[in-house]
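Because the structure is a prediction, the values reported are computed rather than measured. Both counts, for ligands and for their atoms, begin at 1 and track the order of listing.
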Amino acid sequence: MKSIVVGNWKMNPATMREAKTLFEATRKAAERAKNVNLIVAPPAIFLRELKQRYKGSRISFALQNAHFEMGGAYTGEISLAQGDDSGASHVIIGHAERRGMGETDNDIRKKVAAALALKMTPILCVGEKERTQNAEHFKLVREQLQAGFADVPVSQVGRVIVTYEPLWTIGKEKTMSPRDMHEMAIFIRKTVVDLRGEGGMKVKILYGGSVDGTNAGAMLTQGDVCGFLVGRASSNALQLSALLQAIENAS
Ligand code: 13P
């Protein structure tokens, strides 16, 4: 099976011109990576134009966030319907940085269900802010999964992509160990099955947090994940090539 790489550009770059340059490098790297399905999540304001210029089939597009309502008086927000119309097939929901800005489990519950209703693929992010000694992170991740899947029809549970991306691994030098990720992947699968039935076995699990070409191979082969949510290494052409190459080598 192909690996999934979601490139989260976050609030970068500053201009459309730079976005086109980065996308062109991304496109070339994606052409070489036969075993990767690449999903690019640019700032929403760049999405439509990048999508329109792209003629290939290897890259899909994602929103980094969206509102759960389809329209209305929500100044500054973007709806899933608008993202869908711009060419996004996926949407990142509940990213740690958005949770940090006040997004609640209740918002996330509505967003996941709204995305599925529009036939978009939700990339549901879960993970703790920090690790404590008494394994509280399992309880927290369970609560986040419970909320995220609460309104998902049982028949659609397998369509959700779950990303474990704890805040303490984002923007760091080192990532977490593949062994710890393996443990978490088993926990996530078991929890979704417990909560929502056998469809939980089909849920794809990604890891996010300081992924790059030096650690992706081990995480892919030992971490029980089928891909990655990537920040910095997705908005740097050389680092992206190295990352995709590492995945090719491990596949
Ligand atoms: P980094 O890969 O830069 O650590 O960011 C991870 C992330 O937040 C991706 O969504």
Side-chain angles (χ1 to χ4, degrees), residues 3-14 19 22-23 25-26 29 33 36-44 46-47 59-66 83 88-103 108 111-112 115 121-131 137 140-141 144 148 160-178 180-181 184-185 188 204-220 223 225-247:
S3 301
I4 298 171
V5 172
V6 185
N8 178 7
W9 291 6
K10 306 195 177 183
M11 204 170 70
N12 307 297
L22 174 57
F23 186 77
T26 301
V36 176
N37 280 327
L38 189 61
I39 303 165
V40 174
F46 299 146
L47 198 151
I59 299 177
S60 320
F61 292 84
L63 292 172
Q64 296 176 12
N65 175 44
S89 52
H90 294 65
V91 53
I92 300 172
I93 297 176
H95 191 280
E97 288 158 9
R98 297 222 53 92
R99 290 181 189 263
M101 288 178 230
E103 186 161 296
I108 291 162
K111 290 180 185 197
V112 171
T121 302
I123 302 168
L124 169 64
C125 301
V126 297
E128 72 284 0
K129 284 193 195 136
E130 53 195 11
R131 283 248 166 139
H137 53 280
L140 183 94
V141 168
Q144 291 173 336
V160 179
I161 297 176
V162 174
T163 301
Y164 178 63
E165 189 178 66
L167 187 63
W168 57 272
T169 66
I170 298 177
K172 298 289 188 296
E173 294 302 312
K174 261 175 69 187
T175 178
M176 69 187 273
S177 76
D180 284 350
M181 182 60 229
M184 181 52 81
I188 289 172
K204 294 192 176 78
I205 300 176
L206 312 182
Y207 166 74
S210 302
V211 175
D212 63 21
T214 67
N215 54 42
M219 194 58 108
L220 200 59
V225 293
C226 51
F228 304 106
L229 177 55
V230 184
R232 286 159 298 165
S234 73
S235 27
N236 172 302
L238 283 177
Q239 284 188 35
L240 179 69
S241 289
L243 169 63
L244 297 186
Q245 189 57 52
I247 295 173

List for me each residue that meets salt bridge (charged side-chain N to carboxylate O under 4.0 Å, His left out) alongside K10, sequence neighbours excluded, and say none if there are none.
E97
Can you list, by chain and residue number, every protein residue with a non-hydrogen atom closer than 4.0 Å to ligand 1?
N8, K10, H95, E165, I170, G171, G209, S210, L229, V230, G231, R232
Taking NZ in K174 as the centre, count heavy atoms belonging to other residues, nucleotides or ligands within less than 6.0 Å. Is the count above 12?
no
Option passing side-chain hydrogen bond (donor to acceptor under 3.5 Å, both in side chains) with H95 (candidates Q64, E103, E165):
E165
Got a second to check how far M101's CE is from R99's CZ, nearest 0.5 Å?
13.0 Å
According to the interplanar angle, ranging from 0 to 90°, do the rings of F23 and F61 count as parallel (below 30°), tilted (30 to 60°) or perpendicular (above 60°)?
parallel
Closest heavy-atom contact between N236 and L22?
N-CD1, 4.2 Å
